[in-house]
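One structure is given here, and the rest of the page talks about it.
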There are 2 protein chains.
Amino acid sequence: MADVKTGVNPLFLREEELRQGIELLFYAYRDFTSEPDAILGKIGLGRAHHRVIYFVGRNPAITVTELLSILRITKQSLSRVLSELVRLGFVTQRPGTRDRRQRLLELTEKGIDLERQLSENQRQRIARAYRKAGAVAVEGFREVMLGIIDDEDRPKFSARIDRAATTKR
Amino acid sequence: MADVKTGVNPLFLREEELRQGIELLFYAYRDFTSEPDAILGKIGLGRAHHRVIYFVGRNPAITVTELLSILRITKQSLSRVLSELVRLGFVTQRPGTRDRRQRLLELTEKGIDLERQLSENQRQRIARAYRKAGAVAVEGFREVMLGIIDDEDRPKFSARIDRAATTKR
DNA sequence: TTTTTACGTCAGCCATGTTGACACAAATAT
DNA sequence: ATATTTGTGTCAACATGGCTGACGTAAAAA
């Protein structure tokens with residue numbers, strides 16, 4: 001508030017800039033999730049289902065523990081959603097070969113279809129934004145987003161490594 | 001999948017790029033909200049309270065209707081959270097002067113303190129990311145994020161206009 | 001053989017969203 | 001002047017998706 005009076009404090013601009021960053025994240029996430037949510041709503045599913053379908057599709061044969069570490073929710077919370085998806089035939093489970101306690105998760109055809117439909121929307125939104133902003137801006141976007149993300153998850157965005165090489169099934 | 005076999009399909013890279021965009025948003029938002037959530041949890045509040053406190057702090061004398069249009073939730077949902085904040089002394093309401101049906105919302109000292117504490121965390125996260133990425137990247141980040149946001153909310157990010165000039169109280 | 005790990009389940013609670021219905025005062029339109 | 005619309009609030013009921021705590025089982029690892 002003192003900044004308003006002085007009018008020349010560079011910290012005011014900085015604060016304003018940072019608040020814009022906060023708001024960009026809020027609005028982008030709000031709009032980014034709204035359409036898939038609407039599609040999901042029609043078939044009695046929610047955003048939590050979307051996340052599971054997305055990450056299982058993205059990481060075929062992912063284990064429950066790995067999925068939990070991505071989502072950062074409890075196994076009880078995941079269980080509810082995951083067992084619904086299995087029951088409804090979107091996801092299959094099969095025991096791991098080296099470790100038979102594991103349940104490796106995969107999308108069924110039906111699951112792949114739904115995943116496509118949901119993320120198509122989001123991909124289009126991103127594609128539109130990327131196209132409009134241009135390659136340099138996209139690189140800047142990536143850098144800033146990576147800086148916002150906790151260190152431990154950044155490696156996920158390095159030139160994509162075959163997960164089979166780093167995790168044992 | 002066909003892309004994997006051909007190995008040279010440029011659409012594969014594009015798909016990968018877009019999926020990375022999706023994931024950047026997921027992880028960034030997850031990490032961006034987790035620390036404020038923890039602070040709020042200790043005093044018995046949640047993310048919904050944070051959003052209200054944030055936008056009331058950002059837009060002093062905002063009306064309930066305006067707040068609803070930002071948050072895109074129902075008035076019943078807002079009511080629960082807002083009346084708690086008023087009851088706990090974080091937010092005050094006063095009737096509008098030109099329109100006495102309105103309840104103009106403002107943060108109390110206590111509300112300002114909490115807002116500071118919560119968004120300080122987020123500002124620091126953004127500041128760190130901005131610093132690391134540099135000015136050009138930040139501009140790219142802004143452009144892409146604006147492209148992701150629905151058209152109608154983009155004007156909010158133009159060189160900040162005095163709200164008093166565009167909305168009547 | 002003991003301990004740890006991966007996974008699951010039951011039960012209950014909380015936060016935050018929804019819809020629908022009703023109410024009232026104030027502003028606006030006819 | 002009266003009728004309608006708008007801004008706000010409230011009650012009630014329900015859904016989703018988090019959480020904790022407790023307990024169980026099979027398989028892997030020590």
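A, B, ... follow the sequence lines: proteins, then strands. Residue 1 opens every chain.
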Nearest-Å distance, [atom1] ([X]) to [atom2] ([N])?
X	N	atom1	atom2	value
A/L68	C/dC7	CG	C1'	9 Å
B/E84	C/dG17	CD	P	12 Å
A/R30	C/dT16	CZ	P	18 Å
B/L78	D/dG7	CG	C1'	13 Å
B/L67	C/dG17	CG	P	11 Å
B/I62	D/dG7	CD1	C1'	14 Å
B/Q102	C/dA27	CD	P	9 Å
B/I73	D/dT8	CD1	P	14 Å

Parallel, tilted or perpendicular: rings of B/F141 and A/F141 (30°, 60°): parallel

Taking OP1 and OP2 of [N], is either one under 4.0 Å from a side-chain nitrogen or oxygen of [X]?
X	N	answer
B/T74	C/dG17	no
A/S77	D/dC19	yes
B/R103	D/dG7	no
B/H49	C/dA15	no

Nearest listed nucleotide, side chain of A/A48, among D/dT8, D/dG17, C/dT16: D/dG17

Minimum-distance nucleotide to A/D99 side chain [options: C/dG8, D/dA27, D/dG18]: D/dA27

SB check B/R125 A/D150 (cutoff 4.0 Å): yes

Please tabulate, for the side chains in residues 42-50 of chain A, all donor-acceptor contacts under 3.5 angstrom to protein atoms that are two or more places apart in sequence or on a different chain.
residue, atom, partner, partner atom, Å
A/R47, NE, A/D37, OD1, 3.4
A/R47, NE, A/D37, OD2, 3.1
A/R47, NH2, A/T33, OG1, 3.3
A/R47, NH2, A/D37, OD2, 2.7
A/H49, ND1, A/G46, N, 2.8
A/H49, NE2, A/E84, OE1, 3.0

With sequence neighbours excluded, residues passing side chain to side chain donor-acceptor pair (under 3.5 Å) with A/D153: A/R72, A/K156, B/R30

Salt bridge (Lys or Arg N to Asp or Glu O under 4.0 Å) partners of A/R116, counting only residues at least two apart: B/E15

Residues forming a salt bridge (Lys or Arg N to Asp or Glu O under 4.0 Å) with A/R100, sequence neighbours excluded: none

For DNA chain D, the dot-bracket pattern of Watson-Crick and G-U pairs whose distances stay under 3.5 Å, | for other-strand partners: ||||||||||||||||||||||||||||||

Ring center gap for B/F26 and A/F55 short of 6.0 angstrom: yes

Could you run down the sub-3.5 Å N/O contacts of the protein with nucleotides 1-6 of chain D?
residue, atom, partner, partner atom, Å
D/dT6, O2, B/R101, NH1, 2.3

Sugar-phosphate, base or nothing in reach of B/Q93, heavy atoms under 4.0 Å: sugar-phosphate

Listed once per pair and sorted, the salt bridge (charged side-chain N to carboxylate O under 4.0 Å, His left out) pairs that draw on residues 127-139 of chain B, sequence neighbours left out: B/E139-B/R142

No-hydrogen, no-angle side-chain donor-acceptor test under 3.5 Å, A/S69 and A/E66: no

Any residue meeting side chain to side chain contact (heavy atoms under 4.5 Å, CB included) with B/K110, in chain and number order, not counting sequence neighbours: B/F90, B/T108

Which residues share a side chain to side chain contact (heavy atoms under 4.5 Å, CB included) with A/V64, sequence neighbours left out: A/L68, A/L78, A/L82, A/R103, A/L105

Set out, line by line, the N/O atom pairs under 3.5 Å between protein and nucleotides 9-12 of chain C.
residue, atom, partner, partner atom, Å
C/dT9, OP2, A/S79, OG, 3.4

Heavy-atom side-chain contact between A/F32 and B/I22 under 4.5 Å: yes

Heavy-atom check, side chain of B/L25 versus side chain of A/I126, under 4.5 Å: yes

Heavy-atom neighbours of A/E109 CD exceed 12 at 6.0 Å: no

DNA chain C-proximal residues of residues 39-47 of chain B, any heavy atom under 4.0 Å: B/G46, B/R47

All ring pair (Phe, Tyr, Trp, His ring centres under 6.0 Å) counterparts of B/Y54, not counting sequence neighbours: none

